[in-house]
Amino acid sequence: MTELLIQTVVQGLLVGGGYALVALSLGLTYNVSGIINFAHGDFLTLAMYLALALQTAWALDPYVSTVITFPLLFVSGVALYWFLLRPVARSQLLMVIQLTLGVTFVLQNGILMVFGGQPVRVPSDWEASLLILGDSLFLRTPQVLAFAGSLLLALLLWIVLDHTETGRRIRAVHQNPRAAALMGIDVPRVRTLTFGVGIGIQAIAGALLIPGTPIEPGQGFRYTVIPLMALVMGGLSDFRGIYLAAILIGVTEALGTVFVSGTSGMIVPYALFVLVLLLRPQGLFRRA
Amino acid sequence: MLEVAGLTAGYGGPNVLEDVSLDVEAGELVGLLGANNAGKSTLINCISGVLRPRAGSIRFLGEDITRAKPSDIVSRGIVQVPEGRQVFPRMSVLDNLLLGGTTAVARPRRADRLEQVFTLFPRLKERRPQYAGTLSGGEQQMLAIGRAMMGGPKLLMLDEPSLGLSPLFVQTIFRALRELNAQGLTILLVEQNLNLTLSCAVRGVVLERGQVALAGTSATLRADPRTRQAYLGL
Ligand SMILES: Nc1ncnc2c1ncn2[C@@H]1O[C@H](COP(=O)(O)OP(=O)(O)O)[C@@H](O)[C@H]1O
Ligand SMILES: [Mg+2]
């Protein structure tokens, strides 16, 4: 029993690390632009299918092909913000939401047209590799790598945002865009580039999540909703909170799946979400 | 130094400014006066490039900057201290100051200017690590001015810096502005406080419902009864 519990919690931690990757990049794009991009998860799907295509065409391992998919995703993020979101950013919230939902539709159907609707697995050399701790704890190497990747990304974000001039500018744009402009910061430029980086990170997240995970065109919504929950639970602009919330969702999801009967186990993270909203609406770790 | 000619501007609706002209010479401290909603903030926001004028031209140091980007205008040396101070609340006083000098032209000189700002407002030095949002109104105003000075302005524009401050802080702020002006800094000062402004400005321009109603030296404006009338919005 305790063995199963430990195995489940560890599994949940690792899955949560994957969610954290996507949640941090969602947090970055949201905080710099003020826009919730409902197509965020679909860019992860796009990154994964690009990795699949590169695997098929040139036998590139998904880890390696990020050197190609990152710039591609970065450019699509830049284009999305500059051509679609920036022009409507000042109009009604609902219109902006509609627009990003429209992007979801285009991406999902585009992928469906090109790759078909069957779930596929991207073959990877790492897929079957296991790390065995002690004599009973089995960890899938790709998941450990994804978790390590999420920690590294969190660290990198913290260094850049809190300890560089670029980060100081991004925080200024987030806290008061008007004042930032009056300081001589090119606000549209900062927003566009940061948005691009946020979408670009999806390429890295995609590569880290691919091994062993079947992919299908419609999966994006899940990778928007769960990170969005982490974002809200974490307190929107508290990256540490977002990270821990994502981990918590991973763990509760794993516990629910293993210990609560049938599909109702998947409800556990949502129940946690509602509970956090009721008890700590300002976010898990933020002072009210 | 600054030449505004025939400026017309608005926000989607009717014109808020109409055919406004205004000159500021190097080294001057010019007061921009007028009742609430006269269009003072609108005018300096046009100069800063955060609002596009509908017609007219703005020239600075002989070059046309009417359609320049705000970041370009700051780099050229026009820095605004906005109404309501607009500090970055969840950043330290030091970070706020450093952001004032974040343009490529200002960055190499940040360390020197930081010392100058701390000399001008020693209070900011004490408060360095504190979040700007936790400062008092007067301290935030010092920070907003210090932050603007970090950009190395040739022309400093202030939008109602005395608004909501205690008399003691108003004195501190105005003493600092006089000192900066005495050191050669050109200043365009938007104010509600008529007497105080005319006491340190060489010249004043009075806006009334988006148009220049009066302009002249501080002495003439002080003597002219229409100044007070325009000011009260009569
Ligand atoms: N962002 C805005 N959108 C629409 N109208 C505005 C905006 N800012 C100011 N106005 C209007 O423009 C006029 C001039 O305002 P403003 O320039 O702020 O005056 P002042 O600074 O002299 O008090 C006012 O009638 C005000 O209501
Ligand atoms: Mg005003």
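As a basis for the values below, the full set of heavy atoms in this structure was taken, side chains included, without hydrogen atoms, waters or symmetry mates. Note on naming: letters A, B, ... go to the chains in the order of the sequence lines (proteins, then strands), and numbering restarts at 1 for each one.
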> Heavy-atom distances under 4.5 Å only: say whether B:R110 touches chain A with side chain, backbone, both or neither.
side chain
> Might you confirm whether atom CD of A:Q98 has over 12 heavy atoms from other residues, nucleotides or ligands at distances under 6.0 Å?
no
> Heavy-atom count around A:Q92 CD within 6.0 Å, excluding the residue itself: above 12?
no
> Check the side chains of A:R169 and B:T102 for a donor-acceptor pair under 3.5 angstrom, ignoring hydrogens and angles.
yes
> Checking B:R90 against A:R171 for the side chain to side chain contact (heavy atoms under 4.5 Å, CB included) test, could you report, in this order, the C-alpha distance in whole Å, the side-chain angles of both residues, the deciding distance, and whether it holds?
CA-CA 9 Å; B:R90 276 166 289 108; A:R171 282 183 290 144; over 6 Å; no
> Rounded to the nearest 0.5 Å, what separates atom NE2 in A:H174 from atom CE in B:M91?
8.5 Å
> Heavy-atom pairs under 4.5 Å with chain A are the metric here; pick the option from B:S75, B:P89, B:A106 that has the most.
B:P89
> Can you tell me if A:F221 has over 12 outside heavy atoms packed within less than 6.0 Å of its CZ?
no
> Between B:F88 and A:M183, does the side chain to side chain contact (heavy atoms under 4.5 Å, CB included) criterion hold? Intermediate values first, please.
CA-CA 11 Å; B:F88 302 106; A:M183 298 302 102; 4.2 Å; yes
> Quick check for you: among B:K69, B:R147, B:R85, which has the greatest number of heavy-atom pairs under 4.5 Å with chain A?
B:R147
> Which heavy atom in A:A181 sits nearest to a heavy atom in B:P70, and how many Å separate them?
O-CB, 3.9 Å
> Any chance you could measure A:R168, atom CZ, to B:L94, atom CG, to the nearest 0.5 Å?
7.0 Å
> More than 12 foreign heavy atoms under 6.0 Å from CZ of B:R54: is that the case here?
yes
> Using the rule given for side chain to side chain contact (heavy atoms under 4.5 Å, CB included), can you reason through A:L182 versus B:V74, listing the C-alpha separation, both sets of side-chain angles and the distance that settles it, and then say yes or no?
CA-CA 7 Å; A:L182 291 176; B:V74 172; 5.7 Å; no
> Quick check on the interface: out of B:V87, B:D72, B:L98, B:T103, who has the most heavy-atom pairs with chain A under 4.5 Å?
B:L98
